[in-house]
Amino acid sequence: MGALWSSRPPSSILIVGSGVFGLATAYSLSKNDTFANTSITLVDRQPFPAPDSSSIDTSRIVRPDYASKPYANLAATSQNLWRTTFAPEHYHENGLVLSASASSTPYVKASLENVGSLETCRVEELNTEEDIRRVSRIEGKSGETGYVNWSSGWVDAEGAMRWLRLETEKLNRVTFVTASVSKLLIKHATNTVNGVSLQDGGKLEAELVILAAGAWTPSLLDLRGLCKSTGQILVYLPITDAEQTRLQSSPTILNMSTGMFMIPPSRNLLKIARHGHGYTNPTTIPHPESSDPDERITVSLPYTAINDPTQAVPEEGLQTCRSFLSDIHPSLSVPSRPFTKSRICWYTDTPTGDFLISYHPTYKGLFVATGGSGHAFKFLPVIGDKVLECVMGRTPEEFKGKWEWPKERVLEERWEGDGSRGGPVGMVLAEEMARRRSRM
Ligand SMILES: Cc1cc2nc3c(=O)[nH]c(=O)nc-3n(C[C@H](O)[C@H](O)[C@H](O)COP(=O)(O)OP(=O)(O)OC[C@H]3O[C@@H](n4cnc5c(N)ncnc54)[C@H](O)[C@@H]3O)c2cc1C
Ligand SMILES: *[C@@H]1O[C@H](CO)[C@@H](O)[C@H](O)[C@H]1NC(C)=O
Ligand SMILES: *[C@@H]1O[C@H](CO)[C@@H](O)[C@H](O)[C@H]1NC(C)=O
Ligand SMILES: *[C@@H]1O[C@H](CO)[C@@H](O)[C@H](O)[C@H]1NC(C)=O
Ligand SMILES: *[C@@H]1O[C@H](CO)[C@@H](O)[C@H](O)[C@H]1NC(C)=O
């Protein structure tokens, strides 16, 4: 194990990445007496809020109904904070309809059993098409089986992140730096990391580096077989005031068969997205841990509107979003009303969908907090404290073997996932983009 917690807190901590994992960690460190004498620096490649980061968007679902008990319990704790003290003005409790075609529902069933065992029971099983249509207030076609949990909600993600940034600034403990990290400073002779070098030629040194660069983390550390970045699609449709009023209190709809979901609209913008297997973007880069520039590895890395300001979702994705909208709200899905904005947002997937919150097994002074796997946002109110527990060598009992550094790397073909994804498997971004060009 790289660097276990000793009796003394580090004199300096550098956090790379100001998303859910990085910013929440900075906030928790700032509040915690143990770190009163530790200097804290948070570096991000973009000024806050980074527009292409996974944590910045109009909305994120907050649901405690996980198939896995430790996550269900942590989500319930987190949700109580969303309701009360943690950016409550950005939290909305509209309910969530999980639906699926009758045949493909082990995840739905396992989730239902789990939520059923928790105390609040504002859950209804939905066993017919008509049930699903009534509850989700859609005009069109629906699945045949599922359930609604009226206690689930959604949060304005950018609003909540801005709130947390301000709360952190008020504590006046963190030095915020805008710079792009190019490499970890690794001393191979002693297997120690003591900072990072920056693209502009500078460097930032620290006794402990916490790597929380989201889907970009695999560009700074060899995470093959541990983390994989996958691109997920989002599209936005402007709606009228009357439509906003009609739809804003409806529940979120998530179709477990296809991974397609629609969160209630906010500020006259309807969002449709896919919680899917996503696109990979295989990229060959110098080995991030090697001092030999000729040693190269190929990993999936994000490609976003910062790389290409004209980026749009591939045709395959646009059509899938369009047909989902036609199914559920045919009156909104007319040719005269195109999606006006689309985006590819990057998950940091792990073989099992568990987060990776751990010291590095080889390098002293390096800790990793990533692997959001498309479900970390709801934990924003609690994840910083959990990261600190792990930093202090006290990984919560129920997350041992989940968040800790895996004993082995798993070939990507063998990843099991968390069972929650829908839609096509194995798509490569460049290939899907090329398809669109050839059609035009
Ligand atoms: C489309 C989509 C929908 C989602 N829906 C939900 C949901 O409904 N509910 C839910 O709970 N979760 C959801 N998630 C998951 C959740 O949003 C993510 O798990 C979470 O935001 C990940 O946070 P992060 O800190 O790991 O990454 P990020 O937010 O991406 O933060 C990483 C930061 O690192 C910075 N960085 C990267 N490289 C460097 C570098 N070299 N130098 C300096 N800085 C760097 C980036 O600029 C970025 O700001 C969704 C995610 C996506 C993409
Ligand atoms: C911080 O430094 C002060 C002054 O040296 C010392 O009294 C205190 O014990 C230190 N706190 C921690 C948590 O190390
Ligand atoms: C529904 O959501 C609430 C969260 O607010 C949760 O406490 C509950 O366990 C979930 N399930 C049931 C059966 O109520
Ligand atoms: C979910 O997808 C399945 C499979 O495509 C479909 O049969 C069903 O109608 C969909 N349900 C909703 C609510 O979109
Ligand atoms: C500091 O963090 C640890 C780990 O999360 C926690 O157990 C402890 O209560 C925190 N202390 C304060 C003062 O917040």
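All values derive from a computational prediction rather than experimental measurement. Whatever order the structure lists them in is the order used to number ligands and atoms, beginning at 1.
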Problem - Any Arg394 heavy atom less than 4.0 Å to ligand 5 - result: yes

Handout entry: Single hit among Asn94, Leu96, Val123, Val135 for side-chain contact (heavy atoms from CB on, under 4.5 Å) with Trp150
Key = Val135

Exercise for the section: Answer yes when Glu93 and Arg83 have at least one side-chain N-carboxylate O distance shorter than 4.0 Å, and no when they do not. Expected result: yes

Problem - Within-cut-off N or O pair, Lys31 and ligand 5, under 3.5 Å - result: no

Exercise for the section: Answer yes if the side chains of Glu431 and Tyr279 hold a donor-acceptor pair under 3.5 Å, and no otherwise. Expected result: no

Problem - Under 3.5 Å side-chain donor-acceptor pair for Asn194 and Thr192 - result: no

Problem - Donor-acceptor pair between Arg165 and Ser18 side chains, under 3.5 angstrom - result: no

Exercise for the section: Return a yes/no value for Arg45: is any of its N or O atoms, backbone included, closer than 3.5 angstrom to an N or O of ligand 1? Expected result: yes

Problem - Identity and separation of the nearest protein heavy atom to atom 34 (O) of ligand 1 - result: Gly17 CA, 3.3 Å

Handout entry: Pair Phe21-Val368, side chain to side chain contact (heavy atoms under 4.5 Å, CB included): steps then yes or no
Key = CA-CA 10 Å; Phe21 284 98; Val368 174; over 6 Å; no

Exercise for the section: Please report the closest heavy-atom contact between Gln311 and Leu429, naming both atoms and the distance. Expected result: NE2-CD2, 4.3 Å

Exercise for the section: Pull out every atom of ligand 5 sitting under 4.0 Å from any heavy atom of Asp385, numbered as shown with elements. Expected result: 5 (O)

Practice task
With Ile210 as reference, evaluate Leu42, Leu14, Leu366, Val391 under the side-chain contact (heavy atoms from CB on, under 4.5 Å) test and give the passing residue.
Solution key: Val391

Handout entry: Reported OG1-to-CZ distance for the pair Thr178 and Arg45, which is rounded to 0.5 angstrom
Key = 11.5 Å

Problem - Heteroatom proximity flag, Leu234 to ligand 1, N/O under 3.5 Å - result: no

Exercise for the section: Give the contacting part of Ser219 toward ligand 1: side chain, backbone, both or neither, where contact means a heavy-atom distance below 4.0 Å. Expected result: neither

Problem - Identity of the nearest option to atom 16 (C) of ligand 1, non-hydrogen atoms only, from Phe261, Trp154, Phe377, Trp346 - result: Phe377

Problem - Whether Ser300 side chain and Ser229 backbone form a donor-acceptor pair below 3.5 Å - result: yes

Handout entry: Asp418 and Ser420: side chain donor to acceptor below 3.5 Å
Key = yes

Exercise for the section: Taking only heavy atoms of Ser18 into account, list the atoms of ligand 1 that are under 4.0 Å away from them. Expected result: 33 (C)

Handout entry: Check: Val20 N/O within less than 3.5 Å of ligand 1 N/O
Key = yes

Problem - Donor on one side chain, acceptor on other, Arg322 and Ser333, under 3.5 Å - result: yes

Practice task
Using distance alone, decide if ligand 1 has a nitrogen or oxygen within less than 3.5 Å of any nitrogen or oxygen in Asp44.
Solution key: yes

Exercise for the section: Enumerate the atoms of ligand 1 whose separation from the nearest heavy atom of Ala50 is less than 4.0 angstrom. Expected result: 47 (O), 49 (O)

Practice task
Taking only heavy atoms of Trp216 into account, list the atoms of ligand 1 that are under 4.0 Å away from them.
Solution key: 30 (O), 37 (C), 38 (N)

Exercise for the section: Mark up the atoms of ligand 1 that fall under 4.0 Å of a heavy atom belonging to His375, in ascending order. Expected result: 10 (C), 11 (O), 12 (N), 15 (C)

Handout entry: Ligand-side contact atoms (ligand 1) for residue partner Ser53, heavy atom cut-off under 4.0 Å
Key = 28 (P), 29 (O), 30 (O), 48 (C), 49 (O)

Practice task
For Lys203, look at atom NZ and say whether over 12 heavy atoms of other residues, nucleotides or ligands are found less than 6.0 Å away.
Solution key: no

Handout entry: Within the 6.0 Å centroid threshold, strictly below: His375 and Tyr347
Key = no

Exercise for the section: Measure the distance from atom 50 (C) of ligand 1 to every protein heavy atom, then report the residue, atom name and distance (to 0.1 Å) of the closest one. Expected result: Arg60 NE, 3.3 Å

Practice task
Measure the distances from the heavy atoms of Gly374 to every atom of ligand 1 and state whether one is below 4.0 angstrom.
Solution key: yes

Fill in the blank from the handout: The closest protein heavy-atom partner of atom 51 (C) of ligand 1 is Tyr347 CE2, 3.3 Å

Once you restrict both partners to nitrogen or oxygen, which atoms of ligand 2 have a protein partner under 3.5 Å, and how far apart are they?
| residue | atom | partner | partner atom | Å |
| --- | --- | --- | --- | --- |
| ligand 2 | 2 (O) | Asn37 | OD1 | 3.2 |
| ligand 2 | 2 (O) | Asn37 | ND2 | 2.2 |
| ligand 2 | 11 (N) | Asn37 | ND2 | 3.0 |
| ligand 2 | 14 (O) | Asn37 | ND2 | 3.4 |

Practice task
Specify the protein heavy atom at minimum distance from atom 24 (P) of ligand 1: its residue, its atom name, and the distance to 0.1 Å.
Solution key: Phe21 CD1, 3.8 Å

Problem - Proximity of Lys378 to ligand 1 by residue part, where a heavy atom lies under 4.0 Å - result: both

Problem - Closest approach of any protein heavy atom to atom 27 (O) of ligand 1, naming residue and atom - result: Gly214 CA, 3.4 Å

Problem - Partners meeting salt bridge (charged side-chain N to carboxylate O under 4.0 Å, His left out) with Lys228 (sequence neighbours left out) - result: none

Exercise for the section: Report yes or no: does a heavy atom of Ala212 sit under 4.0 Å from some atom of ligand 1? Expected result: yes

Practice task
Considering heavy atoms of the protein only, find what lies nearest to atom 7 (C) of ligand 1 and give residue, atom and distance to 0.1 Å.
Solution key: Ile61 N, 3.4 Å

Problem - Sub-4.0 Å atoms of ligand 1 with respect to non-hydrogen atoms of Gly372 - result: 19 (O)

Practice task
For atom 21 (O) of ligand 1, find the nearest protein heavy atom and state the residue, atom name and distance (0.1 Å precision).
Solution key: Ser55 OG, 2.8 Å

Exercise for the section: Look only at interatomic distance and state if Val16 has a nitrogen or oxygen under 3.5 Å from any nitrogen or oxygen of ligand 1. Expected result: no

Completion exercise
If you scan protein heavy atoms around atom 30 (O) of ligand 1, the nearest is Ser54 N, 3.0 Å

Problem - Check: Cys345 N/O within less than 3.5 Å of ligand 1 N/O - result: no

